[in-house]
Amino acid sequence: MQDQDQRGFDHGEIEPRWQREWEEAGTFHIPDDADDPTYVLGMFPYTSGELHMGHVRNYTITDAYARYRKLQGDEVLHPIGWDSFGLPAENAAIERDTNPRDWTLSCIETMREQMQAMGFGYDWEREIATCDPEYFRWNQWLFQQFHDAGLVHREASEVNWCPDCETVLADEQVEGDDEHCWRCGTPVETRELDQWFWGITEYADELADDLEELDGWPDNVRQMQENWIGRQPGARLEFQVSDNGPVEVFTTRIDTIYGATFFALAPGHAISQALAEEDDEIRHFVEEEADPEGDEPNGVRTDLTATNPATGEEIPVFVADFVLSDVGTGALMGVPGHDDRDHAFASDQGVDIVPVVAPSPEEVPDVSEAAYTDDGVLVNSGDYSGTESAAAREELTRDIASATDHVQYRLRDWGISRQRYWGTPIPVVECPDCGPVMVPDEELPVELPEFVQTTGNPLDEATEWKRTTCPDCGGDAERETDTMDTFVDSSWYFLRYVSPDDADAPFDVERANEWMPVDQYVGGIEHAVMHLLYSRFVTKAIADMELLEHREPFENLVTQGMVLADGEKMSKSKGNGVSPLAIVDEFGADTARLFTMQAARPPRDFDWSETGVQSANGFLQRFHETVEMFRESPPEGDEDAIAAYVAREVDATIAAARESYDDLTFTEALRETRDLVGLLRQYREYTDPHAETFERGLSVAVRLLAPVTPHIAEELWSTLGHDGFVAEASFPEPAGDVSDAERERQLVENTREDVRNIVDVAGIEDPEQVTIVVAPAWKHRALDIAIESDAPNVIGELMQDEEIRAKGDEAASYGQDLQNERQSLTSALAPDRELAVLEQATWLVEREFGAEVSVVPASEADESVAKKAAPNRPAIRID
RNA sequence: GCGGGAGUGGCCGAGUUUGGCCAAAGGCGGCGGACUUAAGAUCCGCUCACUCAGGUGUUCGUGGGUUCGAAUCCCUCCUCCCGCACCA
């Protein structure tokens, strides 16, 4: 009972009621004929079955922004869906003796309810789920399209294999120095498997180049993608290796070729393998000793030699473990004088170290102890000596017969095959005669067979399902039993929202062209490379299939920080999680939303705190109470100076809040709004407020809060007597010009500060009368003249003004003050404005000191006080 | 090693783009007061130091520099976080 009283409002009643009302009114539905709506999107959740605080934060950010844009008059597309394929559902199904589909659908039910309880304003009519055949058939369709465009290939390759998930992983899905699975943390092994690949490397250059233009993205994400793509311009060239003919190497430093004094092969290189067959020492090294993970460069010398194509010299050939099969060509030229690692190796093996690049021709570096790795001028390099590194690279690439420009990338093609059940079947039929054949369009979707528990690949066990006929020759054939990486599902889902029910195409092309790209995308940093890179690639590939006019999917990106508990990541395993449901239950969704939004700007981490939640809730209580009191006993005060002050503050708050919502910081908007509510309460406590002014303040505060705390805002909006939803209202506009608002606030604040200082420093016990004296007009004019003037001494200039000159000594003295502060002068409000602003603020001083306060122009004040008044700084007399 | 980000008062955290009322918002914590039987909640004030009329001094990782003026611009160094890395 008492709880209820204290609470002031019953969130348990209010929140579901408004959620129902929005739903019934279709408030957040956006029609298909909407004209280029603002597209606001949060990364759709994986269907784990429960919402966690990270979700709450993510989706509150998008919801608040979407609601804000709506208040600004935009049409807003704010959809949600479910990333609902994936291994955890298989595990969960096995644990619970059900199947992944039923499990996933029940997770979706639960999560949808939780989201609705949070009051997120989604267009639920556009909801999608990737495990829906009507969705994943378009994954299959894209697979075909990509295949036709030459972007799909199959090859046997060494792949990352997670023994726990029993499936392969893309390179992007292997994390950390210890190479563990991104999903379960199990150390990854390698296996040789036939895999389907999507040709993301075809787009490597464009993916790298376009990062430059993504200035709506955070720097760190762009950087991470750049690193991942790992573009290295250099050259390929051949070395003749004895008995083996030409062997190709890649180098970024062909300018150092005259210093290439050894040649090295990866243990996995064909020549190394062949040598190992015959030579015990080499076999021992390749099979036993080689340690690509180790810090020490190890190697073994072979009997072979290679011919340095620049010098013609025969140089020794090594098999070395620091040469990696999958980097470059698996062979390299060693230049110990100019590469740290080559230097270490050469020192160890007693290979010659020759300097061929120098800071200048006169100062050839001593490379016996350490390599010189900078660019410079070539030395000891035959005809090229004296040439700058950059120019030498061009010339040498041109002059050496086998050399060609070559750009190397770290990025590899995207292996999308997964040996799991709960994913999109790869739409291929394996025909003994025709090989792999695409399933024709009209047979899509290839649906999943019934789930059976097995070790190994579940689809491989589905013998009935597997058996089919070849689309080409009609003979007996088998279906491909791998499914697609679930990142395929999420690589284009943002397009599906445009036309979620389209049965003829993945998306409506015309509408997508109009609605895309996503204007504001919000999600976790963990997808900086994987999801965001795949989505960019797929978007570009689709664009090249002339299905889309946009080449980038996400115009602006915010990566949200983590929600921490006691400085640590919230997680089940640490047992420090805070359940959103429990918070909603105890305090309501609005409180949870308000707290997460005011705690920190979206990109930063923040610590969950109980006091923070309570203070957010406390604020909503007070706000509610303030509105209730207004309704119950409407004030009848005058439209006096105080009302004018409050009205100005309302305007200033609107301006500040708008800015904060625009740049998605939120914290500032919420702080300003809190301050405004606090001011209104002070106003009411101090005097009987002017009803209209007070009402406007309340209605502004309600609208400023509406994006973040929508339920209580609706409630109060209707309490204030407005028809319709606040969700569909207009963002408030300042009533007056707010360009001076900051300066006015400053003047009031400074003046109050000064009064405090004087009272304090002078030790005035009980001030009775505070007189604030505003500077005369001539001082304002003098200030303006001084700011404008570039004369060496401003006094002379001032004295040309008759009225100022007439002030005599006083003018000279003020002129001297101005001269002294010449460079730091800032313009002031006009004298009458200064007077008005201060008059409007007297109540604050009266309230604070219990003294009578008057604001007077200099002409009406005692001269001894008045002469101290300056623009921006009134004189103050306290008695 | 390469690249990115960051170091602000007891703590968290704005301010840095566009140098100037910046001793530096706001919150938390702490202190004092009002209200209360009390606690809580709420409200008011204080919270770098010195200072009896709005003053002064020392502060924004370190050390320099530019400027009339620097938390803000430039350089050095230190520390922390993140990504990439025996990458040819």
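Heavy atoms only: backbone and side chains are in, while hydrogens, waters and symmetry mates are out. Residue numbers start from 1 in every chain, and the chains themselves are labelled A, B, ... in the order their sequence lines are given, proteins ahead of strands.
Classified by interplanar angle (parallel below 30°, tilted 30° to 60°, perpendicular above 60°), the ring pair A:F322/A:F345 is perpendicular. By the 30° and 60° cut-offs, the orientation of the rings of A:F619 relative to A:F623 is parallel. Ring planes of A:F666 and A:Y661: perpendicular class, angle over 60° (limits at 30 and 60°). Ring-plane geometry between A:H406 and A:F250 is classed as perpendicular, the angle between the planes exceeding 60 degrees on a 0 to 90 degree scale with a lower cut at 30.
With both ends at atom P, the span from B:G32 to B:G40 equals 13 Å, rounded to whole Å. Nucleotides B:A6 and B:G13 have their C1' atoms positioned 13 Å apart, rounded to a whole Å. With both ends at atom P, the span from B:A23 to B:C28 equals 25 Å, rounded to whole Å. B:C77 and B:U67 are spaced 24 Å apart, taking the C1' atom of each and rounding to whole Å. If you take atom C1' in B:U72 and the same atom in B:U59, they sit 15 Å apart, rounded to whole Å. B:U16 and B:U8: their C1' atoms are spaced 11 Å apart (whole Å). Comparing the same atom, C1', in B:G63 and in B:U79 gives a spacing of 15 Å after rounding to whole Å.
When distances run from any side-chain atom of A:R410 to the nucleotides B:A85, B:G29, B:A88, the shortest one goes to B:A85. Side chain of A:M224, nearest nucleotide from B:A88, B:G83, B:A53: B:G83. The A:R622 side chain lies nearest to B:C43 when the options are B:C43, B:A53, B:C86. The nucleotide whose nearest atom lies closest to any side-chain atom of A:R601 is, among B:G26, B:G15, B:G54, B:G15. Listed nucleotides: B:G26, B:A88, B:C86. Nearest to the side chain of A:D321: B:C86.
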Please list, for nucleotides 69-75 of chain B, all pairs of protein and nucleotide N/O atoms separated by less than 3.5 Å.
none

Provide a list of protein-nucleic acid N or O atom pairs under 3.5 angstrom, restricted to nucleotides 18-21 of chain B.
| from | atom 1 | to | atom 2 | distance (Å) |
| --- | --- | --- | --- | --- |
| B:G20 | O6 | A:Q823 | O | 3.1 |
| B:G20 | N1 | A:Q823 | O | 3.0 |
| B:C21 | N4 | A:N872 | O | 2.7 |

Contact list (N/O, under 3.5 angstrom) for nucleotides 1-10 of chain B vs protein:
| from | atom 1 | to | atom 2 | distance (Å) |
| --- | --- | --- | --- | --- |
| B:G3 | O2' | A:Q223 | OE1 | 2.3 |
| B:G3 | O2' | A:Q223 | NE2 | 2.5 |
| B:G4 | O4' | A:Q223 | OE1 | 3.1 |

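Rounding to whole angstrom units, CD of residue A:Q614 and P of B:C28 are separated by 12 Å.
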List the atom pairs, with distances to 0.1 Å, where a side-chain N or O of residues 595-604 of chain A and a protein N or O form a donor-acceptor pair under 3.5 Å, not counting sequence neighbours.
| from | atom 1 | to | atom 2 | distance (Å) |
| --- | --- | --- | --- | --- |
| A:T596 | OG1 | A:A592 | O | 3.1 |
| A:T596 | OG1 | A:R593 | O | 3.0 |
| A:Q598 | OE1 | A:R674 | NH1 | 2.8 |

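Among the heavy atoms of the strands lying under 4.0 Å from A:N757 are primed sugar atoms or P, OP1, OP2 only; no base atom is included. Heavy atoms of A:A875 sit under 4.0 angstrom from at least one base atom. Base contact: A:D291 has a heavy atom under 4.0 Å from a base atom. Nucleic acid contact class of A:P603 (heavy atoms, under 4.0 Å, all strands): none. Among the heavy atoms of the strands, none lies under 4.0 Å from A:I525.
Close to B:C87, at under 4.0 Å from its OP1 or OP2, lies a side-chain N or O of A:R341.
The nearest heavy atom of RNA chain B to A:E753 and to A:L332 marks one nucleotide each, and the one closer to the 5' end goes with A:E753.
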- In B/S/- notation (B base, S sugar-phosphate only, - none; protein heavy atoms under 4.0 Å), nucleotides 44-50 of chain B written 5' to 3' is S-S----
- Steps toward side-chain hydrogen bond (donor to acceptor under 3.5 Å, both in side chains) verdict (A:D607, A:S609): CA-CA 6 Å; A:D607 235 327; A:S609 94; over 6 Å; no
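Between A:R847 and A:E685 there is no salt bridge, since no side-chain nitrogen of the basic residue lies less than 4.0 Å from a carboxylate oxygen of the acidic one.
For A:E296, the CD atom counts as loosely surrounded, since its 6.0 Å shell holds 12 or fewer non-hydrogen atoms of other residues, nucleotides or ligands. By the neighbour-count criterion of 12 heavy atoms within 6.0 Å, atom CD of A:Q614 is densely surrounded, having more than that number from other residues, nucleotides or ligands. At most 12 non-hydrogen atoms from other residues, nucleotides or ligands lie less than 6.0 angstrom from CD of A:E768. Around the CD atom of A:E749, the shell of radius 6.0 Å holds more than 12 heavy atoms that belong to other residues, nucleotides or ligands.
A donor and an acceptor atom, one from each side chain of A:S864 and A:D862, are located under 3.5 Å apart.
Remark: RNA chain B takes part in the stems B:1-7 with B:78-84, B:10-12 with B:26-28, B:29-34 with B:42-47, B:48-50 with B:55-57, B:63-65 with B:73-75, each of 3 or more antiparallel Watson-Crick or G-U pairs, criterion distances under 3.5 Å.
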